[in-house]
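In what follows, chains are A, B, ... by sequence order, proteins preceding strands, each numbered from 1.
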Amino acid sequence: MQRDEELMMAFQKGSTESFSELFLRYRDPLFGFFRRRLSNRTRAEELTQECFLAVLQGAERWEPRATFRTYLYAIALKLTAAEYRRSQREPQHTSDADEVGQSNATEADLGVRRAVAALDTEHREVVLLREFEGLSYEEIAVALRIPLNTVRSRLFRARMSLKELLDPQPQKLQREKEILSTPAPAIQQLRQEP
Amino acid sequence: MNRTTHEIEPEEVMAYLDGELQASRASEVAAHIAACAECASIEADLHAVSSQLIQWQVEAAPLSIAKSIEQSMAQPGTAARVAARQRRGLIGAWHRLVASQWAWKLGFASIALLLVGTIYIQHSPTRSMRAFQTFSGLRSAAPSAPPTANTEMSANVQAIQELQAQKEQLSESLEKDAAPDVASPAGSRSPAPTPGPMIARTASMNLVITTLDAARASLEKLLARHHAFASDMTLDQSNDASASLNATLQVPSAELDATLSDLRALGRVSTESQGGEDVSDQHVDLAARLHNARESEERLLGILRTRTGKVSDVLAVEEQISQTRGEIEQMEAQLANLDKRVSYASIKLEMAEEYKAPTGANSSVALRLRNAVVSGYRDAVDSLLALAVFLLSTGPMLLLWAGLLFFPARAIWKRRGSLRAPFSKNAA
């Protein structure tokens, strides 16, 4: 299988099929990228299109200094930041698609979302890029323009925080179960009464 | 876990799980995890987190995205255009240059450097000195108002240069006429007419100053700077009146405007006047008379050399020669004085302190209050003026830098925005 960078260079030389291959490779991951960051499904679709169009329009300027994947997600991050600024200026509208999407979510799915959303922005972005986009530490560093060690420390802290947020805390739960299973003195008294 | 004593950091355990360690280090970490319960626990926690995160699944991308991209791809010449841009030699290089961030940074830096350099050259002391040297190199006066702008200064300098050339031409002509010319026929001969005006410039200025001592020190520096001198000076520092200084300054005509400009900076100008006396006719008349006198002397000397008459006639000729010599020397002195008046302008300067209460014990409360009010008012005006001057002098520079730094600052701001990647708590 050809590498992404080889496909991009082939597209620069006029091979439309190369870009189609790149599109097929990254269509779903990129849509997932936006979908996990935006509540509006329609906007996620639009931004996915815009991201590919940006790659298409800037193809002649692309240079293989970094991986294509880093380039693609760097564009996606910029688009997301722009979308975030736009949403700050304009009032939020909740579309039907969002509600449908939320209603389809499972309990575990929602738990993960809440845990990720509870992270602060810097840690959240690093862990998302690693866990869902599958970027290496170096690629994350390039995309976010931060040092490699910072990526590593943020990622570790983010995962530890997620562990705390996702962990049902067995000891606490056990204690709660014990309390719930133990009848209250008044109830015990009632039970003991004939 | 104590990071200072533990040989493997928790982040390394994570990096090992993520496949981010080199093979040698990875084998070490793997061996350590097998032996260390704490690291094994961290490994398990990280595994658990990753496996839980995987549960967050999103739907596949809709087909409409593919259609949109296909439409863009289907536009005629999309790939060909990209390829063509890549292949073209100079144009391709230009596109690559435009795409390069370093090229943009270098471009901005070059523009900034160019602007700073231009501004520095505009305000360079060397440039001012060159203009000063050009100006002071001229010895003739120019009847013009004080220059208020560079264009006026240039026009004045040009006019002065023209006058200087005319004067030199006149001097050469006069010298030629004054020299003994055996070939020329005897008789009365008028010198060449004066080609341009010769102006003896004068000026007077009354200044109101704060303290006389400081003003006098500044005046002395000013005179030295402009190669001028005070032909007379009177200082009055009696207690019952404001201290004052009256002086007559002799300034090279070419330095007059600059000197007046510097004098104005010493204090507040209450009155100022400038004048000029056209001495061209006087100069020409004197030169013609001198010329004729020299010729008369030559003729008398000729008569004396070829004397054939009586002794009384010879004595009469000698007396006439002596009288003519006296006239010649007198006229030469007048001519030199006239040249000096043209070369040096005269400034009558009067400087007086703005107010000065008698400093004795008899000064009244009202007078002291008045002085305080005047002093306070002057300080306030001076502060306002200083502020206005500061804003006017540095305002354009501040605006320039604001314009230059706006785009980089905005880029940094945007970059910070992109780092704080947005995330909706209600994300799908």
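- Residues that satisfy the side chain to side chain donor-acceptor pair (under 3.5 Å) test with A:D120, not counting sequence neighbours, are A:H123.
- Rounding to the nearest 0.5 Å places CZ of A:R113 at 12.0 Å from CD of B:Q55.
- Both the backbone and the side chain of A:Q49 come within contact range of chain B, judged by heavy atoms closer than 4.5 Å.
- Proximity of A:R35 to B:Q57: side-chain heavy atoms (C-beta onward) are nowhere separated by under 4.5 Å.
- Within the structure, the side-chain hydrogen bond (donor to acceptor under 3.5 Å, both in side chains) test picks out the following pairs touching residues 67-77 of chain A (sequence neighbours left out): A:T67-A:T70, A:T67-A:E139, A:R69-A:E139.
- Closest approach of B:A60 to A:F31, counting heavy atoms only: O-CE2, 3.8 Å.
- Applying the 6.0 Å contact sphere to CD of A:E138 captures no more than 12 heavy atoms from other residues, nucleotides or ligands.
- Both the backbone and the side chain of A:Y137 have a heavy atom closer than 4.5 Å to some heavy atom of chain B.
- One finds the OG atom of B:S64 at 9.5 Å from the CD atom of A:E46 (value rounded to the nearest 0.5 Å).
- Shown here are the side chain to side chain donor-acceptor pair (under 3.5 Å) partners of A:E5, two or more places apart in sequence or in another chain: A:R3.
- One finds the CG atom of A:L128 at 6.0 Å from the CH2 atom of B:W56 (value rounded to the nearest 0.5 Å).
- If you measure heavy-atom distances from A:F132 to chain B, the contacts under 4.5 Å come from the side chain alone.
- Taking non-hydrogen atoms and a 4.5 Å limit, the residue list of residues 12-19 of chain B in contact with chain A, ordered by number, reads B:E12, B:M14, B:A15, B:D18.
- For B:E59 and A:R41, the salt-bridge test passes: some basic side-chain N is under 4.0 Å from an acidic carboxylate O.
- Of the residues considered (A:S136, A:S18, A:A44), A:S136 shows the highest number of contacts with chain B, using heavy-atom pairs under 4.5 Å.
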Inset, instruction - May I have the step-by-step check of side chain to side chain contact (heavy atoms under 4.5 Å, CB included) for B:V58 and A:D28, ending in yes or no? - result: CA-CA 9 Å; B:V58 295; A:D28 288 338; over 6 Å; no
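- Atom CG of A:L155 and atom CG of B:L46 lie 8.5 Å apart (nearest 0.5 Å).
- Within a 6.0 Å sphere centred on CG of B:L63, heavy atoms belonging to other residues, nucleotides or ligands number 12 at most.
- The pair B:E11-A:R157 fails the salt-bridge criterion, with no side-chain N (NZ, NE, NH1 or NH2) lying under 4.0 Å from an Asp/Glu carboxylate O.
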